[in-house]
Amino acid sequence: MPIHHLTNSWILETDHTAYAFGLDSGGRLVNFYWGERLLSPSDYPTQASSQNWASFSNAGQLAREEYPAETGLKYIEPCFKAYYADGVRDTVLEFEKAEVQGAELRIHLMDALEHLGIILHYRLHETYDLIERWAEVTNRGETAITLERVLSAQWHLPRKRSYRLSHLYGRWADEWNIKREALAVGKKILESRRITTSHHGQPWFAVDGGTANEEQGEVWFGALAWSGNWKFIAETTEFGATRLSLGLNDWDFAWRLKPGESFSTPAAIYGYTHNGYGEASRRLHDYTREQVLPNGKTLRKVLYNSWEATTFDVDETSQVELAKLAAEMGVELFVMDDGWFHGRKDDHAGLGDWWPDEKKFPRGLKPLIEQVNALGMDFGLWVEPEMVNPDSELYRSHPDWVIHFPQRKRSEARNQLILNFACADVQDYILEKLDTILAENNIRFIKWDMNRNASEPGWDTAPGDPRELWVRYVQGVYRVWGILRQRHPQVTWQTCSGGGGRVDLGILRLADQAWVSDNTEPTARLNIQEGYSQVFPACTMEAWVTDMGSEYLPLEFRMHVSMCGALGIGGHLVNWGAERRAEAAKWIARYKEIRPVVQFGDLYRLRSPQQDSYSALMYVSKDRKEAVLFAFRTHQPFIPQLEPQAPVYPRGLDPQANYAVEGYEEVRSGLGWMRIGIELFLEDYQSTILHIRQVE
Ligand code: GLA
């Protein structure tokens, strides 16, 4: 029984972890415990007193509240703040009741005076050692309420320790950098105000006591399933208490909740491990593959994308020429990128007019798709549904459909404006256009792109508060995408936003894979992929070999880097020449052999490329019968002999079973290989893949 109910307290147990909370002596819902699973329910603390420390530090300031609302003598970050019709801006949440339904606990809280109800949902994912939390706010009164802040969760770390926060930061073409920094008194705030998840941060955290590494150490981690504005706050008080909050960004946020209406926050997923960052990632990976992704157990195909070869200059001839070469190399999915639709000569025109350009494709897309299919490949297409160029039929007919303040200038970025996906008319127009393309053509893959962020966030026809835009926009995108997915289940979807600008556990309910960066230079990519892997599994990580880095990096190295994820090719195949294409074909065949282990196996990051010029990682199949180890050397000291290269120590093998490592004669137990290591000598820009197999 994973949910234990004692008097006024609840203990949530997963296979290896536990989370306990309940009512303190003052009736507040407070956290008692978050950590390793203990031996029996009686092991957990189930009480907390509620005493004032001084008139300046009231009990409310000190309590480890599960979902603090803005009220009384407390000055910490609240989860909830509302403005009521009677002018009150204070919410007093009192416990009403608790219900258990299957693996979900619901705690009902209520502000009786204002007729506001909040249900805190806790859903256990026992085998993943994860808990999912969200809040549902209901207006049970007779006047509208303005919600000003509604976060998904607040967590409390064990007291009196110092903590270190790991998070991801970046910018366009340089996403997924890992930053680890000590948390000191005060706040560390990470957020997006851009209408997407953004290249600049990720709604994910991992906190440890300062000494955790990939293999060991306590780590408390979590992530938000949301593709719009988000906020993460790590707050360390003057009493040495650290609390973490995550949810919708309250910057420029408001939501008008009419009588009888409810508002649900996005879900936050969180967990604890004492086996380091590696285990934290593996738990998120398994959960994402099995519970979030629509088809997480389907192998991702090797794709070719023609963007870097032909850019906007697409037509039937150029695409068929590339398709033939791709098919010969063993590519399974041919994707035509930007440039195919009405009026799209460059990035100044066309967005919004989602039908084939009459000059480039006078016969429509069908003849091209048929030729691609005849070559044995699926066909895929690029779209950017949320965008419009002022130079388009759509904008000329509906200039008011974009996000804007009518009185002000509309800032363009990449010559485009954003359609207001909060509006049903906009959603329906795009739905109809994409539905038609998908119904009329044998399209098996859609790359859904989003190439700018919001500005001048006006919505003058908003039925509620115009600031609802930020949330309703994302809900609109989810709705259109969800309907298309349902109507066209044969399609695999990719999320892209100028690279990795919109990857999160929300979009991965709709998208099967993600374009993680527009930067495909392989040495940069090693870092990008390491950062990405903190949160997301390899089957979602599209990794293409393009022409970036081809002047100084061998094809083998470039292929190896991309073989760590869902392999794709994006170079100009005509320019590659027969020899390079034949070599790539060999690597594609090799990838097909190892891809079940890469895409569905457990990831072990052995040596960090963000810290070491000699990096390594491995994937181990779930039954531990097979593993694939990748190692890369980018650069080394001037006289390499002076630096003997340390062996790479594999991990995740069955210690008792025997393994043979490709290229090595000796057979050793898993324990032997993990303790003795594998000696590898790599020169600059050398890399290797070792297949490791269990033997009798
Ligand atoms: C974005 C994407 C690229 C490509 C171009 C097309 O930059 O990230 O992969 O699709 O748009 O315009």
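In what follows, residues are counted from 1 in the order of the sequence shown. Counting starts at 1 for both ligands and their atoms, following the listed order.
With Glu175 contributing its side chain and Gly500 its backbone, the two residues share a donor-acceptor pair below 3.5 Å. Proximity of a side-chain donor or acceptor of Asn519 to a complementary backbone N or O of Ala173 within less than 3.5 Å is detected.
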At less than 3.5 Å, what protein N or O atoms come close to the N or O atoms of ligand 1? Include the distances to 0.1 Å.
residue: ligand 1; atom: 7 (O); partner: Asp518; partner atom: OD2; Å: 3.1
residue: ligand 1; atom: 8 (O); partner: Gly499; partner atom: N; Å: 3.3
residue: ligand 1; atom: 8 (O); partner: Asp518; partner atom: OD1; Å: 2.5
residue: ligand 1; atom: 8 (O); partner: Asp518; partner atom: OD2; Å: 3.1
residue: ligand 1; atom: 9 (O); partner: Lys447; partner atom: NZ; Å: 2.8
residue: ligand 1; atom: 10 (O); partner: Asp337; partner atom: OD1; Å: 2.6
residue: ligand 1; atom: 10 (O); partner: Asp337; partner atom: OD2; Å: 3.4
residue: ligand 1; atom: 10 (O); partner: Trp382; partner atom: NE1; Å: 3.1
residue: ligand 1; atom: 10 (O); partner: Lys447; partner atom: NZ; Å: 3.0
residue: ligand 1; atom: 10 (O); partner: Asp449; partner atom: OD2; Å: 3.4
residue: ligand 1; atom: 11 (O); partner: Asp449; partner atom: OD2; Å: 3.1
residue: ligand 1; atom: 11 (O); partner: Asn451; partner atom: ND2; Å: 3.2
residue: ligand 1; atom: 12 (O); partner: Asp338; partner atom: OD2; Å: 2.6
residue: ligand 1; atom: 12 (O); partner: Arg414; partner atom: NH1; Å: 3.0
residue: ligand 1; atom: 12 (O); partner: Arg414; partner atom: NH2; Å: 2.9

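Using cut-offs of 30° and 60° for the angle between ring planes, the Phe341 and Trp382 rings count as parallel. Trp515 and Trp544 have parallel rings, their planes meeting at less than 30° on a 0 to 90° scale where 60° marks the start of perpendicular. Taking the six-membered ring for Trp and thresholds of 30 and 60 degrees, Phe632 and His560 have ring planes more than 60 degrees apart, a perpendicular arrangement.
Remark: aromatic rings of Tyr478 and Trp226 are close, center separation under 6.0 Å.
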